[in-house]
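The chains referred to below are lettered A, B, ... by the order of the sequence lines, with proteins before strands, and numbering in each begins at 1. Heavy-atom basis, side chains included; hydrogens, waters and symmetry copies ignored.
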Number of protein chains: 2
Amino acid sequence: MMHEVIAWGCMSESPRRRIPEAALGRLPIYLRILVELGHENVAQASSEQLAELAGVNAAKVRKDLSYLGTYGTRGVGYEVQFLTVQIQRELGLNQAWPVVIVGAGNLGQAMANFTGIAERGFHIVGVVDKDESKIGTQVGGVSVTHVDSLTQLVQLHKVSIGIITTPAAHAQDAADSLVRAGIGSIMNFAPTILSVPRDVHVRKVDLALELQILSYYEDCRNGNLRDVPTDGRIDPVSA
Amino acid sequence: MMHEVIAWGCMSESPRRRIPEAALGRLPIYLRILVELGHENVAQASSEQLAELAGVNAAKVRKDLSYLGTYGTRGVGYEVQFLTVQIQRELGLNQAWPVVIVGAGNLGQAMANFTGIAERGFHIVGVVDKDESKIGTQVGGVSVTHVDSLTQLVQLHKVSIGIITTPAAHAQDAADSLVRAGIGSIMNFAPTILSVPRDVHVRKVDLALELQILSYYEDCRNGNLRDVPTDGRIDPVSA
DNA sequence: TGATGTGAACCCATTCACAGCC
DNA sequence: GGCTGTGAATGGGTTCACATCA
């Protein structure tokens, strides 16, 4: 048995990714929990405990962690410190990632000041904007510079991740600037589908999206059953 | 045939949900696109066009929209205005949802000022904090009040959705306050698993999570193959 | 003709259940 | 005995392909 398992590494556009997307999305959650447990000087944790804290079930925790390697101890559990490092390594967090923010508005400031970002290995090396009135102001420990300085900033600090916090109308411009500067991945807060070269990763965070889903559930809870569609279709109560 | 299809409405904890979670999560995306198309006076759109704009494939668009009802026209496509209203209705967005924000920090301010929220039918009726120095300041058109006024605020405006933008350490307190005030759904920005009664919906937005996933992909792209696990397991290059 | 709507097939993710090891 | 690691079973979501209808 060995099928076509080529290597342990991941490849950016590999047809066969090692860690399933769904599991990958949960690794940061486990990581956060492990770091917290570490702060509380907890040395060991079982999949049951981790599952409880993560709000998932134990089998999923074990399956997810098994993609990383055999890091648990049967009959005991996982060593918190060790597993923390393994997940960090897997996520590429064993290095400080320099990040630039495009858009010095409220959200840009919030991201720049967000301690959770710095705590988890990301370092804001620049905030740029094209609004002259914002340039020179201090945001999250750096001063805002003009968007034209982006390329210079990116090359100087070897930045490969950019965050777009501009209004939707300027998001594509921001993305173009980032791509021109040579960025490889973009976290986009603007409610816009960005058009970028195929080799640039974009992850979109839609701040209103979750609210809209909540409103669906709230509407349901309040007993406001959805209206019947307005065309000819009728609720088939009986055959 | 009629199984137990009771009605077209959804129920908060119904064992048989009408719209699959995955499709529900895409409705806000289609909605945003449709609204934009509407602004550009586009009258009709095919599943192909919508798919292109949403970054998914056409079959998925059709399947997703089919959960709402039969709103397309074969051989033609979907009527933008009509479909917009249908999705809004389905998401419960045919009403203005009052919302409160707990935490008047950077992120709270960003959310309160975020025009995308107001544009999509949400109305910030209050921002509360427990830091005396913030109370009275203006944020997004309302003045910050003390967290003790939460219950009053919620009852006065019949609020059922709350947003937590406090530091992680205070998030559980914030959630408790919201629950005590009678809120039904919570959007949580703090990187914390909240403990709430079973009938309260919580959706978590982890701002650092997406960054951590990006760093994984960046690490891969840069050719930094994942290290081999440090235990005895070796890459099985050949049988 | 051309695009929707939808069973059926497929594929990925979750869960189960237990062998294997501490 | 207890907990991990993992094949196998299950279930949900995606995609295919085509019947259907304007």
Side-chain angles (χ1 to χ4, degrees), chain A residues 1-5 14-27 29-30 34 42-80 82-83 86-87 213 229 231-233 236, chain B residues 1 3 5 14-27 29-30 34 42-80 82-83 86-87 213 229 231-233 236:
Chain A
M1 55 163 73
M2 65 157 281
H3 314 294
E4 48 171 333
V5 177
S14 158
R16 180 174 292 264
R17 145 136 296 110
R18 204 166 112 255
I19 300 182
E21 187 77 19
L24 182 60
R26 284 185 296 267
L27 290 184
I29 301 174
Y30 302 140
L34 288 164
V42 177
Q44 302 281 340
S46 68
S47 60
E48 195 72 54
Q49 291 163 11
L50 294 174
E52 169 72 21
L53 292 167
V56 300
N57 72 32
K60 193 182 282 186
V61 171
R62 290 200 300 277
K63 185 70 108 178
D64 287 346
L65 295 180
S66 76
Y67 295 123
L68 305 179
T70 303
Y71 294 144
T73 308
R74 291 167 197 243
V76 180
Y78 300 89
E79 201 187 320
V80 171
F82 183 69
L83 187 57
Q86 298 311 321
I87 297 183
I213 294 174
D231 65 1
R233 295 185 59 155
Chain B
M1 54 159 73
H3 314 294
V5 177
S14 158
R16 181 174 292 264
R17 147 133 297 110
R18 204 165 110 257
I19 300 182
E21 186 78 18
L24 183 60
R26 285 185 295 267
L27 290 184
I29 301 174
Y30 302 140
L34 288 164
V42 177
Q44 301 282 341
S46 67
S47 61
E48 195 73 55
Q49 292 162 9
L50 293 175
E52 169 71 21
L53 292 168
V56 299
N57 72 32
K60 194 182 282 185
V61 171
R62 291 200 297 277
K63 186 69 106 179
D64 288 345
L65 295 180
S66 76
Y67 294 122
L68 305 179
T70 304
Y71 294 144
T73 308
R74 289 168 199 245
V76 179
Y78 301 88
E79 199 186 323
V80 172
F82 183 68
L83 186 57
Q86 298 311 321
I87 296 182
I213 295 174
D231 65 3
R233 296 184 59 154

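In this structure, the CD atom of A/Q44 is 11 Å from the C1' atom of D/dC3, given to the nearest Å. As rounded to whole Å, 16 Å separates atom C1' of C/dG5 from atom CD of B/Q86. One interatomic measurement links the two molecules: CG of B/L50 to P of C/dG5, which rounds to 11 Å at whole-angstrom precision. Per the geometry, CD1 belonging to A/I19 stands 12 Å off P belonging to C/dA13, to the nearest Å. Rounded to an integer number of Å, the gap from CD of A/Q49 to C1' of D/dT4 is 14 Å. As a whole-Å value, the separation of A/L65 CG from D/dC3 C1' is 13 Å.
Proximity note for B/S66 (side chain, C-beta onward) versus D/dT14, C/dG5, D/dG13: the nearest is C/dG5. Side-chain proximity of A/S47 to the nucleotides C/dT4, D/dT4, D/dG13 is greatest for D/dT4.
The heavy-atom pair separating A/L24 from A/I19 by the smallest distance is N-CG2, 3.7 Å. Among all heavy-atom pairs drawn from B/V61 and B/Y30, the shortest one is CA-OH, 3.8 Å. Across B/R62 and B/S47, no two heavy atoms sit closer than the pair NH1-OG, 3.2 Å.
Where A/R26 and B/E48 each meet DNA chain C at their nearest nucleotide, the meeting point lying more 5' is that of B/E48.
Among residues two or more places apart in sequence or in another chain, the salt bridge (charged side-chain N to carboxylate O under 4.0 Å, His left out) test is passed with A/R26 by A/D64.
In this structure, A/L34 and A/L50 have side chains that are in contact, with non-hydrogen atoms separated by less than 4.5 Å.
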How would you summarise protein contacts on nucleotides 15-22 of chain D per nucleotide, using B for base, S for sugar-phosphate only and - for none, with heavy-atom distances below 4.0 Å? BBB-BBBS
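Checking the phosphate oxygens (OP1, OP2) of D/dG12, no side-chain nitrogen or oxygen of B/Y67 falls inside 4.0 Å.
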Evaluate side-chain contact (heavy atoms from CB on, under 4.5 Å) for A/E79 paired with A/T73, printing each intermediate quantity in order. CA-CA 8 Å; A/E79 201 187 320; A/T73 308; over 6 Å; no
